Undergrad: 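This is the structure I have questions about; it appears just below.
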Amino acid sequence: MRLEHFTPTYMVERIYDLTVEDLKAHGIRAVLADLDNTLLAWNNPEGTPELQKWLSDLRNGNIEVIVVSNNTTKRVAKAVKPLGVEFVSWSLKPLPRGILHVLRTQHLKRSEVIMVGDQMLTDVWAAHGAGVRSVLVQRLIASDMWQTWLNRSIEKQIKKIVFKAHPQLKWEKSLRDN
């Protein structure tokens, strides 16, 4: 395990700040998104009008959104059904399994995909393992599901080390700023 495994390619404040124009400028055809606290607040399974607009903008721009989640199939299917997006559940992040499955089944090149998530220990690490670029976003709300508590406490220490080793990393408003 090396520090680079946890270092995101980009850091953008929120997933909704990823615009069609910026994604296309980076050659992105598909956004792989973590579910809880990245795409949806874990305690707001209905999402927000802002999420609906963002998904609509990406659809209109021919950019696919696919959820890659460690959650159960039942949980993810219920959450994404109103959003109309495909998903991979039980992805086993930080293993690259879920991301590689999407690349294979959707016939996408690594350069056409970006993995977006709110955790270095799962989302960023899985992206590195799969050989795709990663976007670390700030979590949508301050609280997490109980299962995430241990990851957050470990990640807090890793973030200090990563940010010290890479002082150029900072939260941006868009991919354009990276």
Side-chain angles (χ1 to χ4, degrees), residues 1-18 22-23 26 28-42 47 51 54-55 58 63-73 75-76 79-80 83 85-103 106 108 110-163 166 169-172 174-175 178:
M1 193 166 44
R2 298 187 346 240
L3 188 60
E4 292 77 33
H5 292 131
F6 308 110
T7 306
T9 312
Y10 311 106
M11 289 176 44
V12 176
E13 291 179 5
R14 299 169 326 125
I15 195 169
Y16 313 137
D17 296 330
L18 299 173
D22 290 346
L23 292 166
H26 283 81
I28 302 303
R29 291 184 42 215
V31 173
L32 309 186
D34 177 51
L35 182 62
D36 292 314
N37 259 342
T38 297
L39 198 59
L40 295 169
W42 70 269
L51 169 61
W54 182 76
L55 289 171
L58 266 60
I63 296 175
E64 190 170 10
V65 175
I66 302 168
V67 169
V68 178
S69 174
N70 283 349
N71 274 298
T72 66
T73 303
R75 160 85 174 91
V76 181
V80 303
L83 306 178
V85 298
E86 291 188 43
F87 68 90
V88 176
S89 56
W90 294 108
S91 66
L92 304 178
K93 295 177 291 183
L95 297 177
R97 176 186 171 275
I99 297 170
L100 295 174
H101 174 78
V102 170
L103 292 172
Q106 301 298 317
L108 292 162
R110 285 172 168 79
S111 61
E112 299 172 327
V113 170
I114 203 159
M115 176 69 207
V116 184
D118 65 314
Q119 294 186 64
M120 289 176 164
L121 285 180
T122 54
D123 308 309
V124 172
W125 194 357
H128 279 287
V132 303
R133 291 172 282 177
S134 61
V135 178
L136 181 67
V137 294
Q138 295 175 1
R139 56 187 169 166
L140 290 174
I141 59 172
S143 66
D144 283 300
M145 295 174 72
W146 69 269
Q147 303 97 315
T148 310
W149 175 84
L150 181 60
N151 266 6
R152 291 281 185 208
S153 34
I154 296 168
E155 185 173 82
K156 192 175 188 180
Q157 301 309 313
I158 289 175
K159 273 185 175 177
K160 288 178 188 174
I161 297 166
V162 167
F163 291 152
H166 299 281
L169 286 176
K170 60 183 191 249
W171 295 108
E172 302 291 355
S174 71
L175 278 182
N178 279 275

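Just so you know, these numbers come straight off a predicted model, no measurement behind them. Each residue takes its place number in the sequence, starting with 1.
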Undergrad: Is there side-chain contact between Val132 and Leu103, with at least one heavy-atom pair below 4.5 Å?
TA: yes

Undergrad: What pair of heavy atoms forms the shortest contact from Gly98 to Val88, and how long is it?
TA: CA-CG1, 3.9 Å

Undergrad: For the side chain of Arg133 and the backbone of His26, is there at least one donor-acceptor N/O pair under 3.5 Å apart?
TA: yes

Undergrad: Does the side chain of Phe163 come within less than 4.5 Å of Met11's, by heavy atoms?
TA: yes

Undergrad: So how far is it from Tyr16 OH to Leu58 CG, rounded to the nearest 0.5 Å?
TA: 12.0 Å

Undergrad: Is there a donor-acceptor pair closer than 3.5 Å between any side-chain N or O of Ser91 and the backbone N or O of Ser69?
TA: yes

Undergrad: Among Ile99, Asp118, Asn70, which residue meets the side chain to side chain contact (heavy atoms under 4.5 Å, CB included) test with Asp123?
TA: Asp118

Undergrad: Can you tell me how far apart CG (Leu51) and CZ (Arg14) are? Round to the nearest 0.5 Å.
TA: 10.5 Å

Undergrad: Hey, what do you get for NZ (Lys170) to CD (Glu13), rounding to the nearest 0.5 Å?
TA: 11.5 Å

Undergrad: Answer yes or no: is there a side-chain heavy-atom contact under 4.5 Å between Asp17 and Trp171?
TA: no

Undergrad: Kindly give the heavy-atom pair with the smallest separation between Ile15 and Trp54, and that separation in Å.
TA: O-NE1, 3.3 Å

Undergrad: Applying the side chain to side chain contact (heavy atoms under 4.5 Å, CB included) criterion to Val116, which one of Leu32, Leu39, Leu18, Leu136 satisfies it?
TA: Leu18

Undergrad: Rounded to the nearest 0.5 Å, what separation is found between the CZ atom of Arg110 and the CG atom of Leu100?
TA: 6.0 Å

Undergrad: To the closest 0.5 Å, what do you measure between OG1 (Thr122) and CZ (Phe6)?
TA: 10.5 Å

Undergrad: Please give me the minimum heavy-atom distance between Gly129 and Pro96, naming the atom from each residue.
TA: C-CB, 3.7 Å

Undergrad: So if I apply the side chain to side chain contact (heavy atoms under 4.5 Å, CB included) rule between Arg29 and each of Leu23, Leu108, Ile114, Ile63, which one comes out positive?
TA: Leu108

Undergrad: Using every non-hydrogen atom in the two residues, find where Ile28 and Ser111 come nearest and quote the distance to one decimal.
TA: CD1-O, 4.1 Å

Undergrad: Does Thr9 form a side-chain contact (heavy atoms from CB on, under 4.5 Å) with Ser134? I'd like the steps, not just the answer.
TA: CA-CA 5 Å; Thr9 312; Ser134 61; 3.5 Å; yes

Undergrad: State the CG-CG distance between Asp34 and Leu40, to the nearest 0.5 angstrom.
TA: 10.0 Å

Undergrad: Answer whether the closest heavy-atom distance between the side chains of Gln119 and Lys93 falls below 4.5 Å.
TA: no

Undergrad: Without swapping roles, check the side chain of His128 against the backbone of Thr7 for a donor-acceptor pair under 3.5 Å.
TA: yes

Undergrad: For Trp90, I'd like to know if atom CH2 has over 12 heavy atoms of other residues, nucleotides or ligands within 6.0 Å.
TA: no

Undergrad: So which atom in Leu92 and which in Arg97 form the shortest heavy-atom distance, rounded to 0.1 Å?
TA: CD1-CD, 3.6 Å

